[in-house]
Undergrad: 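Can you read through this structure? Questions will come right after.
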Amino acid sequence: MSGLQLYNTYTRQTEAFRPIHDNIVGLYICGPTVYGPPHLGHVRGPVVFDVLRRYLEFQGFKVRHVRNITDVGHLVGDGDEGEDKLSKQARLEQLEPMEIAQTYTVAYNEMSRRMNVLPPNIEPRASGHIIEQIEMIEAIVNAGLAYKANGSVYFDVLAYAKSHDYGKLSGRILDDLIAGAGNEARELEGQDEKRNPNDFALWKKAAPEHIMQWSSPWGKGYPGWHIECSAMSRKYLGDVFDIHGGGMDLLFPHHESEIAQSTACTGHNPARFWVHHNMITINGQKMAKSLNNGIQVEELFSGNHALLEQAYSPMTLRFFILQAHYRGTLDFSNEALQAAEKGLQRLWNAAETAKKLPVSENSEYNITDIHEACLKSMNDDLNTPQVIAQLFEAARVSNSAADGKIKLDQVNIHALNELFDTWMVSILGIQPEKEGNDSALDGVMQMLLQMRAQAKADKNYALSDEIRNKLTALGFVIKDGKEGSSWSI
RNA sequence: GGUCGGAUGGCCGAGAGGCUAGGCACGGGUCUGCAAAACCCUCUACACCGGUUCGAAUCCGGUUCCGACCUCCA
């Protein structure tokens, strides 16, 4: 009944979404590796899939949303032999690896909260599912699709490819993988243990000094990166679930490998739909350490970064992200952010205006049309930019009705308010941002504004301007509206 | 080098064989003691060269540029 059409990376087609179970949707999203503070790139996925989840729930589905925390298992790969990212960062900061993971997990969740991303129903950690991962690796070994080598276990890609299509998801051809790209010798540690360079680690032997290690049938070690998602998605959503999401950069090798692992173990591609969002660029360039253009989320919120002309609020960022389609690249710039900020403000003003519109006998506009258009856009592979365009149409109607240029009856005024509530707040997840001005300050400000209003009424403009000028000098912005003055900092 | 994707008005960004995307900026106007804000209206674009078609920004071929992935990455 959903009507939702979703682009499935696996089939490279837009398909009608139907859940496996009647009204329940299993949704697994690849979460962050928690070894550093969240940056802009970390924000898009949570927001995009939050909107998907909200829309599914709006349609009456019960969603089980699982998003993992990767706190173990990533090889550093640039010369730091066998050391994983968390251990490396721990060494640098002189902390326990779990301390690092905890710090940045908290930071990531705080970012999500400020972005108004609903918390996942389950947030499993890789380090808490070592047993499940070992069991899965054993199953793959027993299936003859993995082999042991010097205390490590590798997935045998060539053996798997005899009966399965390794490379289908990411559009890769195994022969090309074997032949091409190999002009540069891989520096990946343990390469000489592999039967084939494309084999990937399921379990890695740990050196004695390695901090993060667990006992296994193959000795002390730690799991490879890809196996955690296979194990955790299976545990909480079953062998086959509805949607697996993540960034396009995870297509290969991560998701390709997940499919291979799960298939080797259960015989099934674990997800019906593979959904991928595109990446974020800054001023037309990708974010990279070498380009020195990485922006942390905190820096964006505070404006404290060389590339930023000002601070941008979480809702501005969220709105900005949703103004582009999730499968296109999204380019950051001050101009674009400022445009989003102003546009969002306009929407808010109109939504407030809609709450106190004059009621007419008849109606010159049918608000239901806008609602229908929103549904249609959303069903078309989550076309949030079009939904937002519809909201701006609603804003125009709201403002025009307030000016008496368009007549709306009670039914349509109600529908208009509901439209903003449903689409802007519930589905797109855009919430009003109250900076939490403390009431004492507001009390003082109201007093000043009243005194100024009195001065204006007395035509004592010298005094009213003096009050405004002095407040301006202190950083306050005073706006005179039709219904009195307002202030902000 | 291989694979895939993209080039839309000053900026961001949808769409897609004929019909307004939308936002921001610019311009005009309304409101206003002034200012700011707010609101209304306006601006009419699709990289280049061929082709198909009554008609192409949208389809086909070629060219140029850009990006992502191929190694950890959201």
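Residue numbers begin at 1 in each chain, while the letters A, B, ... track the order of the sequences.
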Undergrad: Classify the ring geometry of A:Phe319 against A:Phe392: parallel below 30°, tilted from 30° to 60°, perpendicular beyond 60°.
TA: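 Perpendicular: the ring planes of A:Phe319 and A:Phe392 meet at over 60°.
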
Undergrad: Could you verify whether a donor N or O on one side chain and an acceptor N or O on the other, from A:Thr329 and A:Asn278, lie under 3.5 Å apart?
TA: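 No, no side-chain donor-acceptor pair sits under 3.5 Å.
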
Undergrad: Assign each of A:Leu250 and A:Arg12 to its nearest nucleotide of RNA chain B by heavy atoms, then name whichever residue's nucleotide is nearer the 5' end.
TA: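 Result: A:Arg12.
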
Undergrad: Grab the CD-P distance between A:Glu466 and B:rC34 for me, whole Å please.
TA: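 Whole-Å distance recorded here is 20 Å.
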
Undergrad: Roughly how many Å apart are B:rG23 and B:rG9, using the C1' atom of each and rounding to a whole number?
TA: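 B:rG9 and B:rG23 have their C1' atoms separated by 14 Å.
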
Undergrad: Rounded to whole angstroms, how far apart are CD on A:Glu341 and P on B:rG23?
TA: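 About 17 Å, once rounded to whole Å.
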
Undergrad: Pairs counted as Watson-Crick or G-U wobble with both distances under 3.5 Å: what dot-bracket string results for RNA chain B, using | for bases tied to another strand?
TA: (((((((..(((.....[...)))..((((.......)))).....(((((..]....))))))))))))....

Undergrad: Taking atom C1' in both B:rA56 and B:rC49, what distance in whole Å separates the two?
TA: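 Pairwise C1' distance, B:rA56 against B:rC49, rounds to 15 Å.
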
Undergrad: Could you check whether A:Asn68 and A:Glu228, counting side-chain N and O atoms only, form a donor-acceptor pair closer than 3.5 Å?
TA: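 Yes - a donor-acceptor pair under 3.5 Å links their side chains.
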
Undergrad: Less than 4.0 angstrom between a side-chain N/O of A:Arg327 and OP1 or OP2 of B:rG6, yes or no?
TA: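 The answer is no; no side-chain N or O of A:Arg327 sits under 4.0 Å from OP1 or OP2.
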
Undergrad: In whole angstrom, give me the gap between the P atoms of B:rC26 and B:rA38.
TA: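 It works out to 12 Å between them.
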
Undergrad: Quick check with a 6.0 Å cut-off and a 45 degree axis cone: is A:Arg195 positioned over the face of A:Tyr154's six-membered ring?
TA: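 Because its charged atom misses either the 6.0 Å distance or the 45° angle limit, A:Arg195 does not stack over A:Tyr154.
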
Undergrad: Quick one: which of B:rG33, B:rG22, B:rC40 gets closest to the side chain of A:Ser400?
TA: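 Nearest to the side-chain atoms of A:Ser400, counting from C-beta on, is B:rC40.
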
Undergrad: I'd like to know if the side chain of A:Asn379 pairs up with that of A:Tyr55 as donor and acceptor (distance under 3.5 Å, no hydrogens or angles considered).
TA: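 Yes, because at least one side-chain N or O of A:Asn379 sits under 3.5 Å from a partner of the opposite role on A:Tyr55.
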
Undergrad: Can you see if the side chain of A:Asn399 gets near the phosphate of B:rC40 - specifically, an N or O under 4.0 Å from OP1 or OP2?
TA: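 So the side-chain polar atoms of A:Asn399 do come within 4.0 Å of the phosphate oxygens OP1 or OP2 of B:rC40, strictly under.
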
Undergrad: With the threshold set at under 4.0 Å for non-hydrogen atoms, list the residues of residues 37-45 of chain A touching RNA chain B in residue-number order.
TA: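 Residues of residues 37-45 of chain A under 4.0 Å from RNA chain B: A:His39, A:Gly41, A:His42.
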
Undergrad: Calculate, to the nearest 0.5 Å, the distance between atoms CZ and CG belonging to A:Arg12 and A:Leu169 respectively.
TA: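 Going from CZ on A:Arg12 over to CG on A:Leu169, the span is 7.0 Å.
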
Undergrad: Verify whether one side chain among A:Ser170 and A:Glu256 offers a donor that lies under 3.5 Å from an acceptor in the other.
TA: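 There is such a pair (donor and acceptor under 3.5 Å, judged by atom type) between the side chains of A:Ser170 and A:Glu256.
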
Undergrad: Between B:rC40 and B:rG22, how far apart are the two P atoms, rounded to whole Å?
TA: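 Those two atoms are separated by 13 Å.
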
Undergrad: For residues A:Gln323 and A:Arg318, is any side-chain donor paired with an opposing acceptor at under 3.5 Å?
TA: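 Looking only at side-chain atoms, A:Arg318 and A:Gln323 do not form any donor-acceptor pair under 3.5 Å.
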
Undergrad: What's the closest nucleotide to the A:Thr33 side chain, out of B:rG13, B:rC70, B:rA74?
TA: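 Looking only at heavy atoms from C-beta outward on A:Thr33, the closest nucleotide is B:rA74.
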
Undergrad: Can you tell me how far P of B:rA68 sits from OH of A:Tyr326, to the nearest Å?
TA: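 Distance check: A:Tyr326 OH to B:rA68 P gives 21 Å.
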
Undergrad: Determine the interatomic distance between C1' on B:rA57 and the same-named atom on B:rU53; round to the nearest Å.
TA: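 Rounded to whole Å, the distance is 15 Å.
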
Undergrad: Less than 6.0 angstrom from the centroid, inside 45 degrees of the normal: does A:Arg44 satisfy that with respect to the ring of A:Tyr326?
TA: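 No, A:Arg44 does not sit over the ring of A:Tyr326.
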
Undergrad: So, do A:His255 and A:His276 have ring centers that fall under 6.0 Å from each other?
TA: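 Centroid distance A:His255-A:His276: below 6.0 Å, so yes.
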
Undergrad: Using the P atom as the point on both nucleotides, what is the distance between B:rC34 and B:rA7, in whole Å?
TA: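 To the nearest whole Å, 48 Å.
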
Undergrad: Closest to the A:Glu335 side chain: B:rA74, B:rC11, B:rA38?
TA: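 Of the options given, the side chain of A:Glu335 lies nearest B:rC11.
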
Undergrad: From the options B:rC39, B:rA14, B:rA74, select the nucleotide whose nearest atom is closest to the side chain of A:His277.
TA: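 Closest nucleotide among those given: B:rA74.
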
Undergrad: Closest-nucleotide mapping onto RNA chain B: is A:Ala324 or A:Ala395 further toward the 5' terminus? I mean the 5' end.
TA: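 By nearest-heavy-atom nucleotide position, the 5'-most residue is A:Ala324.
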
Undergrad: Starting the side chain at C-beta, find the nucleotide from B:rA14, B:rG33, B:rA74 nearest to A:Asp465.
TA: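 From the listed options, B:rG33 comes nearest.
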
Undergrad: Tell me whether A:Lys168 at atom NZ has more than 12 heavy atoms from other residues, nucleotides or ligands lying less than 6.0 Å away.
TA: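 Yes, because the 6.0 Å sphere around NZ of A:Lys168 holds more than 12 heavy atoms from other groups.
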
Undergrad: Classify the nucleic acid contact of A:Met248 as base, sugar-phosphate or nothing, counting any heavy atom under 4.0 Å across all strands shown.
TA: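 Result for A:Met248 = nothing.
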
Undergrad: Taking atom C1' of B:rC34 as reference, at what distance in whole Å does atom CZ of A:Arg452 sit?
TA: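 Taking atom C1' of B:rC34 as the reference, CZ of A:Arg452 is at 10 Å.
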
Undergrad: Does the side chain of A:Lys342 get closer than 4.0 angstrom to OP1 or OP2 of B:rG23 through an N or O atom?
TA: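 For B:rG23, neither OP1 nor OP2 has a side-chain N or O of A:Lys342 closer than 4.0 Å.
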
Undergrad: Which whole-number value in Å describes the distance from A:Tyr312 OH to B:rC12 P?
TA: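 After rounding, the gap between these two atoms is 14 Å.
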
Undergrad: Let me know the distance between CZ of A:Phe252 and P of B:rA74, rounded to the nearest Å.
TA: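 Rounded to whole Å, this separation is 17 Å.
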
Undergrad: Rounded to whole angstrom, note down the P distance from B:rA47 over to B:rG6.
TA: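 B:rA47 and B:rG6 have their P atoms separated by 13 Å.
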
Undergrad: Between B:rC31 and B:rG17, how far apart are the two C1' atoms, rounded to whole Å?
TA: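 Approximately 45 Å lies between the C1' atom of B:rC31 and that of B:rG17.
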
Undergrad: Answer with base, sugar-phosphate or nothing: what part of the nucleic acid does A:Ser377 contact at a heavy-atom distance below 4.0 Å?
TA: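 It contacts nothing in the nucleic acid.
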
Undergrad: Can you check the A:Phe332 CZ to B:rG13 P distance for me, whole Å?
TA: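 One finds 11 Å between P of B:rG13 and CZ of A:Phe332, rounded.
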
Undergrad: Give, ordered by number, those residues of residues 378-392 of chain A having at least one heavy-atom distance below 4.0 Å to an atom of RNA chain B; if nothing qualifies, reply none.
TA: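 RNA chain B contact set from residues 378-392 of chain A: A:Asn383, A:Pro385, A:Gln386, A:Ala389, A:Phe392.
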
Undergrad: Kindly indicate whether the side chain of A:Arg468 and the base of B:rC34 share any N or O donor-acceptor pair separated by less than 3.5 Å?
TA: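 Indeed, a donor on one side and an acceptor on the other fall under 3.5 Å apart.
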
Undergrad: Compute whether any side-chain donor of one residue and acceptor of the other, for A:Tyr35 and A:Asp71, lie under 3.5 angstrom apart.
TA: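 Result is no, nothing qualifies.
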
Undergrad: Out of B:rG13, B:rC39, B:rC69, which nucleotide sits closest to the side chain of A:Asp403?
TA: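 Ranking B:rG13, B:rC39, B:rC69 by closest atom to the A:Asp403 side chain puts B:rC39 first.
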
Undergrad: When you compare the side chains of A:Asn460 and A:Asp458, does any donor N or O come within less than 3.5 Å of an acceptor on the partner?
TA: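 Checked: A:Asn460/A:Asp458 side chains show no N/O donor-acceptor pair below 3.5 Å.
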
Undergrad: Among side-chain atoms of A:Tyr10 and A:Glu15, is any donor-acceptor pair under 3.5 angstrom?
TA: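 The criterion, which ignores hydrogens and geometry beyond distance, is not satisfied for A:Glu15 and A:Tyr10.
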
Undergrad: Nearest whole angstrom, please: distance from the C1' of B:rC12 to the CZ of A:Arg346.
TA: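 One finds 16 Å between C1' of B:rC12 and CZ of A:Arg346, rounded.
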
Undergrad: Under 4.0 Å between any heavy atoms, over every strand shown, what does A:Lys405 touch: base, sugar-phosphate, or nothing? Just pick one.
TA: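 Touches sugar-phosphate only.
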
